[in-house]
> 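The following block contains the structure, expressed as structure tokens.
Labels below follow one simple rule: chain letters A, B, ... track the order of the sequence lines, proteins then strands, and each chain is numbered from 1.
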Amino acid sequence: MTAKQRRFAEIVLTIASPILLLLIWELISRSGRIDQRFWPAPSSLWDTTRTMVQDEDLFGEIWLTLERILAGFAMGAVPGIIIGLLMGISWPIRAFLMPIATAIYAIPKIALLPLVLIALGTGEMARWVIVALSIFFVVALSTMGGVLALDPIFTDVARNFGGNRWTLFRTVALPGSTPAIFTGLRLALGFALIVVVGTEFVRPNGGVGSLIWESYSILSIKKMYVGLIVTALMGWLLVLGLDLIERLVVPWRRAL
Amino acid sequence: MTVAVANESGTVDDREVVTDPPLVRIRGLGRVFETAAGPVTAVRAIDLDIRRREFLAIVGPSGCGKTTLLRMIAGLETPTSGRIETGSAAADRPVNAMVFQGHSVFPWMTVRQNAEYGLAIRGAGKPERAGIVDSLLETVGLIEFSRAYPHQLSEGMRQRVAIARALAVDPDLLLMDEPFGSLDEQTRFILQDEVLRIWGETQKTVIVVTHSIDEALTLADRVIVMTAHPGAIKDVVDVPLARPRDQATLRSDPEFGRLFGRIWDSLRSEVLEARAASGSPR
């Protein structure tokens, strides 16, 4: 099999799995053996989707959720990368922050929502902060791990040429840890989506999570399904976007 | 430098002879590492003069401290006793550059960026860097790969990049720590030839640490044999083999065999001792 054929086969297989899943769902639903009110066929969701786009501003809800994810993601990821790099480079900073980081890392961050609401009120900021909190530690720890995993030989090379600490950071620690940073960011993106939808369940105020929860509450099951599918697509596209950015930022990584 | 020279009749003549001072003068050099099990002496009582334009090889059993010695000369390790005097480098250039053992080429930089690395740290401008590195990449045969990343290259090509990177800063002293240890024999021969050619062209002073007697004889003017743990100088063997050298002629030279035998005789007991100390089967 040539590389080209393999690439083609890969694409076909990638597309095949969701189509197959939808097909099975469709067949089971149409067979009439399950209650179509709760398990509607995917094809029957099409009209619902159209109505939601035309009459109910589905894209507005998507945009609102996306905004929350991206704002919280940025607020958590940027400090996470910075603190993670510092923890990787400096052992005193690592020794000082490590106990806090590992302890808080283990708490399901959504459990902190009441605290955040008390501190920040019920506005958008509270949602961003809870997302930021929930991803900060995974990004920081992953980044730190990336720095620590670097072969000390690279440090020796920089020192041998007379490089100072800043050189070491700029030319070794930062570029060398980018693959680990992206691993952390990919995990973080998943967390962010979960937490945003979670907060939209708990405190519905627009967004795809609210749409799912409220549709369920009024037994508007088809709308709920549309919300679920939209959430899945959003997660998929976000990861795809991140992969694209990684390919631009880390061109030196072995092709997978 | 003044030295007293004995004349033919055996009496000391007070005539002054000017000789080239050594590039590096090492006196009583030692390194003790503090470990959980107590202090461990890695290297002890090294006295060594490294002459200008000399190609020096250091051989010794595994773990004899030869890499520690090289790292002390490079300034990457601080001696716990003795001193190293390196002289006469212009202030803006490092006295030495090292070709490290294993994968030392930065995977996140292209071949060109890697080769320019030392120059960039020194603050050389882009045009200056390009000029120097272009000709070096030409020399090591990697000019067509200047935009490639290390993962796209073979092991031997990566080590060529490391050599180019070290030479780019025009060091007075080139240090090589097992530079070809991870390469297959044929690639090693090719790279040894290249190092000899480059050395012939640039007249650099080179110290190579190796576990291969064969490599030491192929490259060096002088071979230092080290004792097993702790590392000290056991023997110094001059290698008067004609230059320029090539792999085939060298190996058919009876002198090569004689020198090999002499060094192996010296080294053998040390290797056995090192293995006994580390608990490996003999």
> Considering non-hydrogen atoms only, spot the tightest contact between A/N160 and B/L76 and give its length.
N-CD2, 4.0 Å
> Within residues 163-173 of chain A, which residues come under 4.5 Å of chain B, heavy atom to heavy atom?
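Listed by number: A/G163, A/T167, A/T171, A/V172.
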> Could you check whether atom CZ of B/F33 has more than 12 heavy atoms from other residues, nucleotides or ligands sitting under 6.0 Å from it?
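It does: B/F33 CZ has more than 12 such atoms within range.
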> Let's test your reading of the structure: which of B/H103, B/R165, B/Q101 forms the most heavy-atom pairs below 4.5 Å with chain A?
B/R165
> Between atom CH2 of A/W252 and atom OG1 of B/T110, what is the distance when rounded to the nearest 0.5 Å?
13.0 Å
> What residues, two or more places apart in sequence or in another chain, satisfy ring pair (Phe, Tyr, Trp, His ring centres under 6.0 Å) together with A/W63?
none
> Side chain from CB out, backbone as N, CA, C, O: work out which of these in B/Q152 comes under 4.5 Å of a heavy atom of chain A, or both, or neither.
neither
> Pull out the residues in residues 123-140 of chain A that come under 4.5 Å of chain B, heavy atom to heavy atom, sorted by number.
none
> Pick one of side chain, backbone, both or neither for B/I121, based on which atoms fall under 4.5 Å of a heavy atom in chain A.
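Only the side chain of B/I121 comes within 4.5 Å of chain A.
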> Once you round to the nearest 0.5 Å, how far does CZ of B/R71 lie from CG of A/D156?
4.0 Å
> How far apart are the closest heavy atoms of B/Y149 and A/P251, and which atoms are they?
OH-CG, 3.4 Å
> How are the rings of B/W108 and A/F154 set relative to one another: parallel (under 30°), tilted (30 to 60°) or perpendicular (over 60°)?
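Rings of B/W108 and A/F154: perpendicular, over 60°.
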> Apply side-chain contact (heavy atoms from CB on, under 4.5 Å) to residues A/V157 and B/V105 and explain how you reach the verdict.
CA-CA 9 Å; A/V157 173; B/V105 170; over 6 Å; no
> Is B/R197 atom CZ crowded by more than 12 heavy atoms from other residues, nucleotides or ligands, each under 6.0 Å away?
yes
> Are there residues of residues 74-81 of chain A that reach to under 4.5 Å of chain B by heavy atoms, and which ones?
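Within residues 74-81 of chain A, no residue comes under 4.5 Å from chain B.
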